[in-house]
Amino acid sequence: MESVAVNAARWVVGKALSPLSGGFVEAWAATTELGPNVDAIKMELLYAQGMLHNARSRETSNPALQQLLLKLRGLAYDAEDVLDELDYFRIQDELDGTYEAAEEHAKGCLYGLVLNTRRTVRNIKKKACSCGDNGEASRHTNDGEALAGSSCIHKLFSNARERSQFLCCAYPCKASHIEHTMKTPKLKFDRVDLSTRMKHIVEQLKPVCAKVSTILNLELLESNRNIGLMSLNAALSRMPGQAPFLPSSVAMSRPVTTSEFIDPKFHGRMSEINKIIGITRGDYCGKDLTIIPIVGSGGIGKTTLTQHIYKEVQNHFDVKVWVCVSLNFNVYRLKEEIAKLMPELKDEKSGGPDDLIEQRLKSKRFLLVLDDMWNCGNEDEWRRLLAPLRKAQSTGNIILVTTRFLAVAEMVKTIYHSIQLEGLESEVFWELFQACVFGDEKSIGNHADLLVTGKKIAEKLKGSPLAAKTVGRLLRNHLDLEHWTSVLESREWELQTGENDIMPALKLSYDYLPFHLQHCFTYCALFPEDYRFESDEMIHLWIGLDILQSRNQNKKVEEIGLSYLNDLVNYGFFRKDMNKNGSPYYEYLAISSSSVRSVQIPPSVRHLSIVIDDTDVNHRVTFENVKKDFSTLHKRLDVEKLQSLMLFGQYHGSFVIPFGNLLSKAKALRVILMFNASYDMENMLRNFSKLVHLRYLRIVKGYFQELSLSNIISRFYHLRILDVRQCSGHFNLPSDMSNLIKLRHILDPNDSFHSAIANVGKLKCLQELKRFEVKGQAEAFALRQIGQLEELKGSLCIYNLENAQTGEEANLLNKRHLHKLELLGIPQLAKWVGNDASHVFSLLEVFIIRDCPELMELPFSHSTCPRSGQEMNLTQFPTLRELEVVNCPKLSSFPHIPWTSSPCRVLIDEVGSDFQRLDYSKNNQSEFCLKVVGKDGHLDMSFWNVLAFSNLTELEVLYLKKCPPLPLKHLLVLSCLRSPTIHDSSNVLLNVEAENTVGYQFQIEGLSIDDCSCSGKELTLLLSLFPKLSMFSLQGCGKIRVLGVAKEQTMAMSALSSSPSGHKLEDAHIGQEQEQEQLRGEDEKAAADAGLLLLPHQLQDLYIENISKLILQFDSLVDGMAGGLRSIGGGLQGLHFLRTLTIRGCPNFLSSYYSSSSSCFPFPSSLQYLHLDGVGGMETLAPLSNLSSLTRLTIRKCMDLRGEDLSSLLAHGQLTNLNIFETPKFFVGCGSDSLRLQCLQTDDITKVLAAPICSLLASSLTSLTISWNDEVERFTKEQSAALLLLSSLQDLEFWYCSELQSLPTGLHRLTSLKRLKIWSCPAIRSLPKGGLPSSLEVLDVRSSNNEELKRQCRNLRGTIPIIKDRRYY
C-alpha cells in the first residue's frame, strides 16, 4: 500500500500546480516582477511532484519524514493560494480589458513607476501595522493544546492535522462599503505583495524539498539491501497461481476466523436467519449450487451470524468447510485450503487441489463458508474457484460469502438479493449492550443508576455488535456514574486500538480504499451525524473542493463524481436509499462523530464545520456557555488557513457576533455552506467580498434581503457552484453575472436567476439552463446565446420562442445530453416533427410544453388514445418519466396515462379533451396520487379511456371532481387505493345499486365525499363495501338529512367471505342475495325518502360539514335499509372506536337529542377530540359529561352555550386543551372551582383577561393564545394585571388580531414565560416598553406582518437564544 502521507503531499502539490495548467497565468504574468517568481515557484513544485511521484509505491512509517511532508503540504497550499489569486486577477483583467500585471502602464513608464511605488509603500505600511499584533506570533506555538468547552461544535475536521504555517492572501482595498449596485466593484491587484509572498514560499520550499528527498533516498538504499532476501523468500513461497507478495500494511494481520461460535448467546437477526435457512432448505434445494452473500460494514456481525447459521444447518450437509479468505484472494491457495479441510477418502487418487475437491465432493451435499472476503479477483478467477465445486454431482449445495463490499456480493450472488446487515434493532442491541457490560441480570439490577447513561452511550453505537463489545470492556471494570459519563462525553471507544476493537475494524475498510476515494470520503466528516444528502449535493461539494480530477478528457467532473459515489456505495461507506418522492439519497455510515471536547484541534485546521443543536439554544445557561466556547475556539484556531466553512443548525444566527469575531480574518475560503442564514453575510464573514478563491457557495433557507449578496456575487470568478434553491426573498442579480466564466451549476428557488443572466452564452461551463427568455432583438438575450453553451447536459427551458429570428440559433441538435427540455410560449407551433432529432431525446427524462395555442400533436401522438387502441409510440423518449402539457387548447390526443407502471409524473391542464386537469405524481407522503378534474357538461364513460388503469395498481390517493361515475371494474384494479375523494359529482360510483355488490370488498381506509348529489341509500351501500374504512368526511351533500350507525352484524354480512382483492363471490352468496331482496320494501323507501345515512361501526375519524338540515338519529326510526343494513339508534354511541369528531355548519345536528326519549349521550366515550362549530341547541356541557377520554375540545359559534360544567369535565376527564371562539356566554358562569386547564385559545379577551377567570387558571395554565379578535386595539390596565396572575404561563401567543396595536404592559414580570409568538398582527409595531422577561427563550415574529417589529426583534440577537423572524424556521 502506498504511503498515505506521500500520497496526500503529492496530491496537494499537484493541486497547487493546477492554476498554471494551460499556460494562461504564466503568459499573463510574464513581467520582470512576476514572471521569474511564477517560474521559480513552478520549478520547485514540479521538483516536489517528481520526487513524490517516484516515492508513490513505497511505504514509510518514519515520523520525521511525515512531519516534513506535512510542512511540504502546507507550503504547497500556500503556493496554490498565491497562484490561484494570480489566476483570479488574470480573469479580471481579461473581463475588464485591463492589464494590471504589466510592468509598464499604458500611460507611460513614469506613471508605471509611480504606480509600483504606491503599491510598495502600501505593502510596507500594511506589514508595519501587522507587527503590532502581539497575539498573532504566539498563536502558532502550541499546536497540542486541547480546546476546553464548546458543546455546540460537533464536527471539527483537520485535513490530516496539518501543522504548517499558512500565509493568508491579502487584498488591500480602502473603499468603504458600497450599497447594492448593478455593477460589481472590482478588487485591486497588489503586484508587490504577490511577488514578496512567492519569493518567501520558494525560499521555504527549497530546504524542505531537499530534506524530504534526502530521507527518501536513504530509505531507498535501506530497502535495496533487503530486496535480495525478499525476492528469495517470495520465490520460495510462491506456488503456481499465487498472488504476489503483499506489503504488511495491506495484509494487516487480519484475525483468522473459524466456525466455532464463542459468544454465550446470540442476539437478534431472526429475520436474516430465517431467510438464509429457508434458502438452504427451500426452493434452492433443487439447484446444484447457491451462493448467498452476507454484506455489512466491519463489526456489524457478519461472521457471528454465519457461525450461528453454520451450527444450525450443519447436520443437513455431508461436507462442511469454513475458510477465512481475508484480503488476499488467491485461487490456488483457497482451493488448497478447501481440499485440506475436506475429509479424505480411503481410495482417493493423489492429485492437485481440483482433483481432490472433485473426488471428495462426489455425490455429496456440501456447505462452504468463505468468510471475510475483500475481493474475488475478476470473474474468470471466481469461476476458476467454483469449477471443481460445480462437479459435486449433487444438488442443494450452499456457499455463504461474508464481505464488506456490495460489489463483491453482486459478483458472486446467485440469489435475487444479497443479505444486507444493518445495525441491530434498538431493543435487541440494548440487551446485547447490557450483556457485554454486566454479564447477568443480577448485576444489571445492582446498577440501575447507570442505565440512563448507558442508553445514551448505546444510542451512539448505531447497533454495531463489535462496538458494544469494545465499550463493554471500557465500562465493566468501573461501574460508577462518573466514569460512564466520562466515556460518554469523550467517546473513549474511538481511541481503543486493540485487534478486537471497533475503530481498527472500521479503519481497515478505509485503508483499503484507493486514495482518491479516501480523499472524497474524508470530507463527509464535515456533515452532521446521520445527515442525508442527494447525489448532486455531495458531487457539487467535491467540485467546489477541486478533488475530482478528470484523466479522461471526454468525461465530465459530474460523471466522475457520480462514479466515485457509486464506488463508495459498493465499498460499503455509503448507503443508498429512496426519498419519499422517489429520488435517491445517500447516507454515510459511521459509528459516531467526535465531540470538540475529546479531540486536539490544531491551529492549522483547514476545514471547519460547526453544528448548533437546538439544545444549545433551548436554555439560557447553555446559550451563554456556547458563546464562551466560541471565544475559546477563537484563541485556538488560525482561521486564515480555513478553506471550508460549514454552519449547521437553524439557530446558528443567534451567534452571529461571536461567529463574526471568530471568522474575521478568513480569506482563503473555497467552500461555504450555511443553513438558515438570516443575517448580512459580511457580519458573519467580514472579508466575504474579498474571497477570491471561492468555488462553492450554498445557502439553505436563507433570506436574500438580509444576506446582501447581489452587489458582490459576480466578482467570484472561480465560483463553480451557486446553490440558493431553498432561499426566499427578492434577489437582484448584478448585470455582469456573465463574469462567472467557471460557473457550472446555479440553483435558485424558481429558476429566475437563469432568465436574468445577460450574455449567458459566456458561461461556457454551465451544465443546465432552466429558464431562458428570448427578448426580441436584444443580443444579450438572443437565442444564439444558447447555441454557445456546448456543455449543457441537464435542463433546458426556452420561453418566448416567437421572439427568435430562427430556431436554428439554439443549436438544439448538438445538445445530446439533455435530461429535461421545456418549450413555452410558441404561438405558431402546430405539429412536432421529431424523426431527425431522435438522438437529441435519447436521454430525455422530463418533457414540458406550455402555452402553445395551435399545437395539435405531440411527438408520440401518432397512435394514442382514445381514438386508437394501438400501443403508443415512445421510441424517441425511451427514458421519459415526466410529461407536462399546459394551455394547449387544440391538443386532444395523448398517450395512455400513465404510460408505464414505473414511477412517473404527468400534468395535463387546459387542453382540448374532456378533462380540465389530470395530475399524476407522488405527494409529500410519498404516495402515488391521481387528481382528475372534468369539464362541465354531459360526460360519458369514454372519459375514462385515457387512463391506463393497469398501470395504476400502486395508486393510493385519488381525487375526482366533476367526473362521471367511476365504474367498479376500474376500482377493482386499484388494489392499493387507500384514500379516494369524490367532489361535485352526480353519484359517487357507477352502478353501486345495480351491480351485485355483495361480492366486492375494497381496502379503502379513508373516504371524502364533497358536494355530491348522492342519496343516503346509495352512500350507505357504498360504505358497506369498505370494511377497513377508518376516516370518513362528508361535506355539502344536501340529500343526506339523518345520520345514524349501522348494526355491526348486518355491516359484516355485507362483506362476508369477500376476497381481500375485491373479486366477486358466487355461489356462497345466493341465499344472502335473496334475503336482501325480501328486506327491500316500504321501510327501505321510507329510509331513502328521509335521507338516512348509516355509518360503519369501525370509524375512527369523522368529519361532517355544511349540511344544514342534517340531524343525528337517536331513536330507531327505520328497521330496514339498502342491502339489509339496519340502524341501531342512540346517536353515535355505536361508533366504539371513534377518536376524532368534527361537526361544522350543521345547526340542527343535536336537535333530536333534546326531543328524544332516549337517555343516552350523543357521542361515544372513546372520543379524544371534539370540534363543534355552529351546532345549535346546546346550553351546557352536560351532553359531553361522559367523554372521559376527551383531551381537546373546540367550540365555535355555539351562541347559547355556557361553561357551567367545565370544572366537572376537567376534574373527571383528561381535558387539557380548550379552544373557545365566537361563543360569548361561555366564560360567564364558570363557577368558583379551580380550572385544571393547561392550554387555552380564545378570542374573548374581555372575559378571559379578567381577575376572576385568571385566578381560576393561575395554577395550571401553561399556554394562552389570543386569536381571531378584530375589535380590541389595546389591553386595559385591568387586563394586563389579570394576565400577570397566570404565574405558570410559559407560552403566550397572539394570532390574527388585526386591530391590536400593542402587547400587554408588564410582560417582563411573567417570570415563567419561555415562548412569545406574534402571528398576523400587523398593527403591533413594537415590543413592550418594559421589555421582555429574562426567562424568554423563543421570540417568534416570522409571520407578524410588521417589518418594524421584526427589526426590533433582530436587534435582540445574542440576548434571546432563539429569534424567529423568517418563515423558514
Side-chain angles (χ1 to χ4, degrees), residues 268-297 300-306 308-310 312-313 316-317 325 365-383 385-387 389-390 392 394-425 565-579 582-587 589 879 881 900-904 926 928 950-951 953-954 975-976 1061:
R269 306 290 190 202
M270 292 310 301
S271 62
E272 290 87 353
I273 291 172
N274 292 334
K275 184 174 182 180
I276 295 172
I277 293 179
I279 292 174
T280 64
R281 299 176 181 175
D283 295 339
Y284 288 87
C285 287
K287 297 182 180 296
D288 60 343
L289 183 61
T290 300
I291 304 173
I292 308 172
I294 302 174
V295 193
S297 59
I300 206 67
K302 302 181 296 296
T303 299
T304 303
L305 172 64
T306 308
H308 182 76
I309 292 172
Y310 190 91
E312 288 287 319
V313 303
H316 296 271
F317 296 90
V325 181
R365 188 185 184 200
F366 70 84
L367 169 65
L368 171 63
V369 173
L370 298 175
D371 188 41
D372 195 29
M373 192 159 79
W374 287 62
N375 69 77
C376 54
N378 54 42
E379 291 185 8
D380 290 339
E381 289 181 314
W382 177 244
R383 281 196 291 266
L385 177 63
L386 296 183
L389 300 171
R390 291 189 181 278
S394 60
T395 59
N397 300 303
I398 300 291
I399 299 179
L400 293 176
V401 176
T402 71
T403 180
R404 301 184 179 205
F405 307 122
L406 189 60
V408 172
E410 289 298 309
M411 179 179 288
V412 305
K413 71 180 176 69
T414 61
I415 60 175
Y416 189 68
H417 288 298
S418 302
I419 308 297
Q420 297 198 29
L421 297 190
E422 306 289 347
L424 290 172
E425 295 179 357
L565 193 58
N566 289 331
D567 286 344
L568 287 168
V569 171
N570 289 330
Y571 276 107
F573 282 85
F574 286 102
R575 182 174 61 237
K576 185 177 180 181
D577 211 331
M578 288 298 192
N579 282 312
S583 63
Y585 73 84
Y586 299 80
E587 185 175 3
L589 306 178
T879 59
R881 59 176 177 80
T900 174
S901 58
S902 301
C904 64
S926 192
F928 283 101
S950 60
N951 289 330
T953 55
E954 300 296 320
S975 55
C976 291
S1061 60

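- Note that CG of L385 is 7.5 Å distant from CG of L368, once rounded to the nearest 0.5 Å.
- Note that the CG atom of L389 and the CZ atom of F366 stand 4.5 Å from one another [nearest 0.5 Å].
- None of L386, I415, L370 except one satisfies the side-chain contact (heavy atoms from CB on, under 4.5 Å) rule with I291; the exception is L386.
- Distance alone, capped at 3.5 Å, places no donor-acceptor pair between the D372 side chain and the V325 backbone.
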N566 and F574: CA distance, side-chain angles, deciding distance, side chain to side chain contact (heavy atoms under 4.5 Å, CB included) verdict
CA-CA 8 Å; N566 289 331; F574 286 102; over 6 Å; no
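- When the side-chain contact (heavy atoms from CB on, under 4.5 Å) test is applied to N274, the partners found at least two apart in sequence or on another chain are M270.
- For the residue pair C376 and V408, the shortest heavy atom distance occurs at SG-CG1, 4.4 Å.
- The OG atom of S902 sits 10.5 Å away from atom CD of E954, with the distance rounded to the nearest 0.5 Å.
- The CH2 atom of W374 sits 8.5 Å away from atom OG1 of T403, with the distance rounded to the nearest 0.5 Å.
- Side-chain N/O atoms of T402 and D371 include a donor and acceptor closer than 3.5 Å.
- Side-chain N or O atoms of K275 include none that pairs as donor or acceptor with a backbone N or O of G278 at under 3.5 Å.
- Within the 4.5 Å cutoff, the side chain of E272 has heavy atoms near those of the L305 side chain.
- Two residues are said to be in side-chain contact when any heavy atoms from C-beta on lie closer than 4.5 Å; L400 and I276 meet this criterion.
- Using a 4.5 Å heavy-atom cutoff, the side chains of F573 and D567 are not in contact.
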Begin with the C-alpha distance, continue with both residues' side-chain angles, and end with the deciding distance and a verdict on side chain to side chain contact (heavy atoms under 4.5 Å, CB included) for H316 and T280.
CA-CA 9 Å; H316 296 271; T280 64; over 6 Å; no
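- Rounding to the nearest 0.5 Å gives a distance of 8.0 Å between CG of N375 and CD of E381.
- In this structure, the side chains of I292 and K413 stay at 4.5 Å or more apart for every pair of heavy atoms.
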Could you walk me through whether V401 and I399 pass the side chain to side chain contact (heavy atoms under 4.5 Å, CB included) test, one step at a time?
CA-CA 6 Å; V401 176; I399 299 179; 3.9 Å; yes
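- Between N397 and D288, the closest heavy-atom pair is ND2-O, 2.8 Å.
- Between I419 and L421 the shortest side-chain heavy-atom distance falls below 4.5 Å.
- For the pair N570 and E410, the minimum side-chain heavy-atom distance is 4.5 Å or more.
- Every residue was checked against the salt bridge (Lys or Arg N to Asp or Glu O under 4.0 Å) condition with R365, not counting sequence neighbours, and none meets it.
- Residues W382 and D380 bring no donor and acceptor atom of their side chains to less than 3.5 Å of each other.
- Between T304 and R269 the shortest side-chain heavy-atom distance does not fall below 4.5 Å.
- The nearest pair of heavy atoms linking S418 to V295 is CB-CG2, 4.0 Å.
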Could you give me the CA-CA distance, side-chain angles and deciding distance for T290 and K287, then say whether side chain to side chain contact (heavy atoms under 4.5 Å, CB included) is met?
CA-CA 7 Å; T290 300; K287 297 182 180 296; 4.1 Å; yes
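- Residues I294 and K302 share a closest heavy-atom pair of O-CD, 3.7 Å.
- Nearest approach of E312 to R281, heavy atoms of both residues: O-NH2, 3.8 Å.
- Side-chain contact check for M373 versus V412: some heavy-atom pair is nearer than 4.5 Å.
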